[in-house]
Amino acid sequence: SLAIPWLANPGAALAHVGAPYPVLVEQAAGPYVVSALADPDVGTGTFYVLVNLPDGEPIPPGTSVTVWVEPEDGHQDPAQYPGEREQTRYGERFVARVPFDAEGQWQVQLVIDGPAGAGEASFAVRVTPSGVGWLATLACLVPFLVLGALWLRGAQRQRSKA
């Protein structure tokens, strides 16, 4: 199926920093089959939605995807964001950019409408801060600092022997 190479490329994680991860894989939504990747970061979160017909045929022109989001804590009313149709080497997909104002659990609903009919799919995502924190960066540097210190110590021993 077209979704497999599209979903195999990004890394997956539950609460993550990095590439988008799969939130739906070939799920039925009305007359459509939907797969989606999410990168739900505070600031701007991005959803990549692949929509096909069950027989593998591409969707007809005039099909639209709308992403609805709502925080589980209720601090904001539900809001909708249109998916922009985009051509990729694996076929068409819809990309929706969503402004998340807070970390936490959010409910997401994809609404698909077009000449083939209407469909919906829902899932939850955990919105996380974007980027890597300073502590994680420091933890990644530690092995290199240790190796550098060992190399310097070895170089000093070589000098003292000579």
Side-chain angles (χ1 to χ4, degrees), residues 1-140:
S1 161
L2 287 175
I4 300 306
W6 183 67
L7 292 172
N9 194 13
L14 231 30
H16 85 297
V17 172
Y21 60 93
V23 289
L24 290 177
V25 179
E26 296 184 352
Q27 181 174 322
Y32 306 102
V33 176
V34 182
S35 296
L37 297 174
D39 186 10
D41 292 332
V42 172
T44 300
T46 309
F47 293 89
Y48 303 92
V49 183
L50 181 65
V51 180
N52 285 308
L53 295 173
D55 58 6
E57 289 293 313
I59 55 171
T63 303
S64 65
V65 171
T66 304
V67 176
W68 284 84
V69 296
E70 179 178 13
E72 283 191 355
D73 67 9
H75 78 270
Q76 181 180 321
D77 290 335
Q80 66 175 335
Y81 301 92
E84 296 177 25
R85 212 167 184 156
E86 206 177 71
Q87 188 66 37
T88 71
R89 64 181 171 184
Y90 300 113
E92 284 186 322
R93 68 179 179 187
F94 292 86
V95 179
R97 288 172 179 72
V98 176
F100 288 113
D101 67 345
E103 293 180 50
Q105 197 76 7
W106 290 64
Q107 289 299 317
V108 180
Q109 183 177 23
L110 303 177
V111 177
I112 303 132
D113 192 22
E120 296 180 4
S122 298
F123 53 90
V125 295
R126 176 160 296 286
V127 175
T128 57
S130 60
V132 178
W134 68 270
L135 194 56
T137 302
L138 183 62
C140 291

Give the minimum heavy-atom separation between [X] and [Y], together with the two atoms involved.
{"X": "Tyr81", "Y": "Ala96", "result": "O-CB, 4.3 Å"}
{"X": "Pro40", "Y": "Ala38", "result": "CD-C, 3.4 Å"}
{"X": "Pro54", "Y": "Val33", "result": "CA-CG2, 3.8 Å"}
{"X": "Ala102", "Y": "Val42", "result": "C-CG2, 3.8 Å"}
{"X": "Pro60", "Y": "Ala116", "result": "CG-N, 4.4 Å"}
{"X": "Pro71", "Y": "Gln76", "result": "CD-O, 3.5 Å"}

Neighbour count above 12 (heavy atom, 6.0 Å) for Asp77 CG:
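Open.
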I want to check something: taking the side chain as every heavy atom from C-beta on, are Phe47 and Val95 in contact at a cut-off of under 4.5 Å?
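Phe47 does not reach Val95 side chain to side chain.
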Side chain proximity check, Leu110 to Val34, heavy atoms < 4.5 angstrom:
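They are in side-chain contact.
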Can you name the side-chain contact (heavy atoms from CB on, under 4.5 Å) partners of Arg85, sequence neighbours left out?
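Arg85: side-chain contact (heavy atoms from CB on, under 4.5 Å) contacts with Ile59, Thr63, Glu92, Phe94.
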Side chain to side chain contact (heavy atoms under 4.5 Å, CB included) partner of Val125, the single match among Val23, Val69, Asp39:
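Filter result, single survivor: Val23.
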Rounded distance [0.5 Å steps], CZ in Arg97 versus OG1 in Thr44:
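Between atom CZ of Arg97 and atom OG1 of Thr44 there are 8.5 Å.
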Roughly how far, to the nearest 0.5 Å, is the CG atom of Leu37 from the OG1 atom of Thr46?
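Between Thr46 OG1 and Leu37 CG, I get 11.0 Å after rounding to 0.5 Å.
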All pairs passing side chain to side chain donor-acceptor pair (under 3.5 Å) where residues 99-112 contributes a residue, at least two apart:
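Listed by first then second residue: Glu72-Gln107, His75-Asp101, Gln105-Arg126, Gln109-Glu120.
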Any donor and acceptor pair, going by atom type alone, linking the side chain of Thr128 with main-chain N or O of Asp41 inside 3.5 Å?
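No; judged by distance alone, with no hydrogens or angles, the pair does not exist.
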Just jot down the side chain to side chain donor-acceptor pair (under 3.5 Å) partners of Glu86, sequence neighbours excluded, or say none.
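Partners of Glu86 by the side chain to side chain donor-acceptor pair (under 3.5 Å) criterion, ordered by chain and then number, come out as Arg93.
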